[in-house]
Amino acid sequence: MDFRRLLMAAAGVCALWSAAPSVAADANFRWFHYKGSDPVDAVAKPGAGEFRNPVLAGFYPDPSIVRVGPDYYLVNSSFSWFPGVPVWHSRDLVSWRQIGNAIDRPGMVDFKGKELSQGLFAPTISWHDGIFYIANTCFACGGNYIVTATNPAGPWSQPHWFPELGWGIDPSLFFDEDGSAWLLNNDVPPGGETYPGHRAVFLQRLDLPSMKLVGPRRMILNGGVKIEEKPEYVEGPHIFRKDGFYYLTVAEGGTGEKHAQVVLRARELEGPYEPFAGNPILTQRGMDPKRPFPVSSAGHADLVQTQAGDWWAVFLATRPYRDDIYNTGRETFLLPVQWTADGWPTILKPDVPIPHVVKRPSLPRDPAPPLPTSGPFEVRDEFDGSAPGLHWMTMRGPADGWMKLGGGTLTLTPRAEGLGDLASPSFVARRQQHMNMEASTLLSFKPGAGEAAGLGIIQRDEYWFALLLADAGGGKREVRLLLRDGAATPAAGKLLARAPVPDGDIRLRIVAEGERYRFDWAPARGEWRTLLADTDGTVLSTWRAQGFVGAMVGPYAVKVVP
């Protein structure tokens, strides 16, 4: 879905445009430029037969993958950002092109009033008899559901909800050789927790024609592979069949530094499941945090077999700039799977760091995607109506009359809803995908009283910066930098810096270098001037803000500012 379809979805009609009437106070963004790189890029340089991890940089967590012939499809979590559940395609497992979003229409799910880290958790994608299935949880907004499509680019069906699953999360589907369908998910075990984070994995048959769960719901894993060690948050279950065994692979340890992937197997689908003595098959816990260019928090893996017979795993991990601090969220990585002599899959030994450069799969090489997803790159959106890409998102729902695109301009209408209001502000964002990043724009705007527009960058409703061109009174304008650094800060933010600016178009820029951020402005054709430098960017980190998402940056307009 491109910008045009995003706007169409906002109105729920088939017209090409859904635009609010243009008014003098509208903010007109002429272009948006993103440039990023990472310190590791200077030393980890893929050769001709290699690729770079992560394959999807930035906030692309909880990957799930399926192969249909020579084609691979992958989905990620998107939480309360809209459109939701990005759908990707590749033929070589390395070059990924986004082809759609599974949740792309009003009324499919309702994120109103939800935290940015609530919403769509851990989707899984599967295929059976010509139909694609995505099983997913809308946490705090409806529970578990399945959507279907014959074309993974969409459209996807309205959700089929499963209220009987309650607050269980992370559903996935398994189709057995006899054609039967089964749904797995995580939930609290019968009788409740016996320790904090105590969860279990359940299995129940799914009747496909009626899309109803039938028969008994069985617990097939309680706690984890060693319940006596009280493993936390067993989740993300997947089952696949190989050589007469049913393999159950799950994550343990939560999504932080204790994260790990384990595997069990059984001769019968409903168990009993025997854990692999060599578990975990993937983790980075217990490793030296001072190691060069660390990758941490690895887990939530999904395995796929190529048409050549090789096995690979996609999984999430993070790249801290120090300690366990990162702003880019949880990202999608790719590693080969090896099989032991007695038939167990392994991804990486527990004491081996996740490599940044890996030998490519033995698959025909895909062309580079139109929008890079890995390594150093820069991209520019000219807003010329030529499908700028699916990487743009809005908070909690589609643009409802406050955004239009055309004629080389993205136009946002300032509204009272702001970044800190647990609402859907006039904010269009893309992911920060690198530790070192520049995001800039050219803005044409004559703000009225109390109006402002510019660039926002947010990790959570309580943690963000906004670099804004604002009304200064008396027909004057100024550039302001606002910060919200916790729930105790006013929802509209607090003023960090301000400076008068001349008439005419203004450029704005946010520059990140690890944990330090700089905020600049310039006339349309003048030199950059720094408004505030060396600003503490841990405000935008998961460590400080908490939650499951990553920093998002883009054009923003608001009606009332301090």
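Heavy atoms only: backbone and side chains are in, while hydrogens, waters and symmetry mates are out. Residue numbers start at 1 and run along the sequence shown.
Ring geometry, F121 versus F548: the interplanar angle exceeds 60°, so the pair is classed perpendicular (tilted spans 30 to 60°). Ring geometry for Y34 versus F377: interplanar angle of 30 to 60°, hence tilted.
Ion pairing between D505 and R525 fails under the 4.0 Å rule for side-chain N and carboxylate O. A salt bridge links E478 to R480: one of the charged nitrogens lies within less than 4.0 Å of a carboxylate oxygen. Salt bridge status for D38 with R52: absent, with no side-chain N to carboxylate O gap under 4.0 Å. Between E382 and R380, at least one side-chain N (NZ, or NE/NH1/NH2) sits under 4.0 Å from a carboxylate O, which counts as a salt bridge.
Here R97 pairs with nothing under the salt bridge (charged side-chain N to carboxylate O under 4.0 Å, His left out) rule; sequence neighbours left out. When the salt bridge (charged side-chain N to carboxylate O under 4.0 Å, His left out) test is applied to D366, no partner is found at least two apart in sequence or on another chain. The salt bridge (charged side-chain N to carboxylate O under 4.0 Å, His left out) check on D534 picks up R516, with sequence neighbours excluded. Not counting sequence neighbours, Y72 has no partner by the ring pair (Phe, Tyr, Trp, His ring centres under 6.0 Å) test.
When V55, V75, T124, L74 are each tested for a side chain to side chain contact (heavy atoms under 4.5 Å, CB included) with P63, only one passes: L74. With D520 as the partner, the salt bridge (charged side-chain N to carboxylate O under 4.0 Å, His left out) test is satisfied by one option alone out of R509, R529, R507: R509.
No cation-pi contact links R544 to Y463, judged by a cut-off of 6.0 Å to the six-membered ring centre and 45° from its axis.
Sparse packing is recorded around CD of E513, with 12 or fewer heavy atoms of other residues, nucleotides or ligands lying under 6.0 Å away.
Contact annotation: the side chain of V479 never approaches that of F519 to less than 4.5 Å [non-hydrogen atoms, C-beta and beyond]. With a 4.5 Å cut-off on side-chain heavy atoms, P367 and S95 do not count as touching.
The CH2 atom of W156 sits 11.0 Å away from atom CG of N101, with the distance rounded to the nearest 0.5 Å. How far CG of D26 is from CE of M403: 12.5 Å, rounded to the nearest 0.5 Å.
Within the structure, the salt bridge (Lys or Arg N to Asp or Glu O under 4.0 Å) test picks out the following pairs touching residues 111-121 (sequence neighbours left out): E115-R460.
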Residues 465-474, side-chain donor-acceptor partners within the protein, below 3.5 Å, at least two apart:
unit_1 : atom_1 : unit_2 : atom_2 : d
D471   : OD1    : G473   : N      : 3.2

